[in-house]
Amino acid sequence: MPPTERPFLTPPNPDGEAPGGAVPAALFDLAVNRADAALRGLRPADPTQALAAWHARTRFARRVPLAAVAAALAQKPGEGGEWHWAGGPGGGWVGGKAPFP
């Protein structure tokens, strides 16, 4: 295979990669929780742009639509403490540390 071919990478797509079926709940949870951690660590001036960049370069996250990740992040409680997303696309924020990093 020529070095210019990248067999496992796909171009960034804000709508996700449109997997063959529904996004598994665990994958959705992981995408939201990792995106939340990335934004907390980066503390960007423009979170929307930083989230889009994170989504584009994170292979597993591209299976989850960017709009769904952004919508979940927008629901995060503003009160202090540790929170994680659980329950897949229909889930919500739960107090405490995520069971899976």
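The structure presented is a predicted model; accordingly, all values stated were derived computationally and were not measured.
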Pairing residues for R40 by the salt bridge (charged side-chain N to carboxylate O under 4.0 Å, His left out) criterion, not counting sequence neighbours: D36
Any residue meeting side chain to side chain contact (heavy atoms under 4.5 Å, CB included) with L42, in chain and number order, not counting sequence neighbours: P44
Sequence neighbours excluded and cut-off under 3.5 Å, please list the side-chain donor-acceptor pairs for residues 84-98, or say none.
| from | atom 1 | to | atom 2 | distance (Å) |
| --- | --- | --- | --- | --- |
| H84 | ND1 | V94 | O | 3.4 |
| H84 | ND1 | G96 | O | 2.9 |
| W85 | NE1 | G88 | O | 2.8 |
| W93 | NE1 | A72 | O | 2.8 |

Side chain H55, main chain V64, donor-acceptor under 3.5 Å: yes
Which atom pairs, one a donor and one an acceptor, fall under 3.5 Å between side chains of residues 46-54 and the rest of the protein, sequence neighbours left out?
| from | atom 1 | to | atom 2 | distance (Å) |
| --- | --- | --- | --- | --- |
| D46 | OD1 | T48 | N | 3.3 |
| W54 | NE1 | T58 | OG1 | 3.4 |

R63 (side chain) donor-acceptor with V23 (main chain) under 3.5 angstrom: no
Interatomic spacing from CZ in R34 to CG in D29 - rounded to 0.5 Å: 12.0 Å
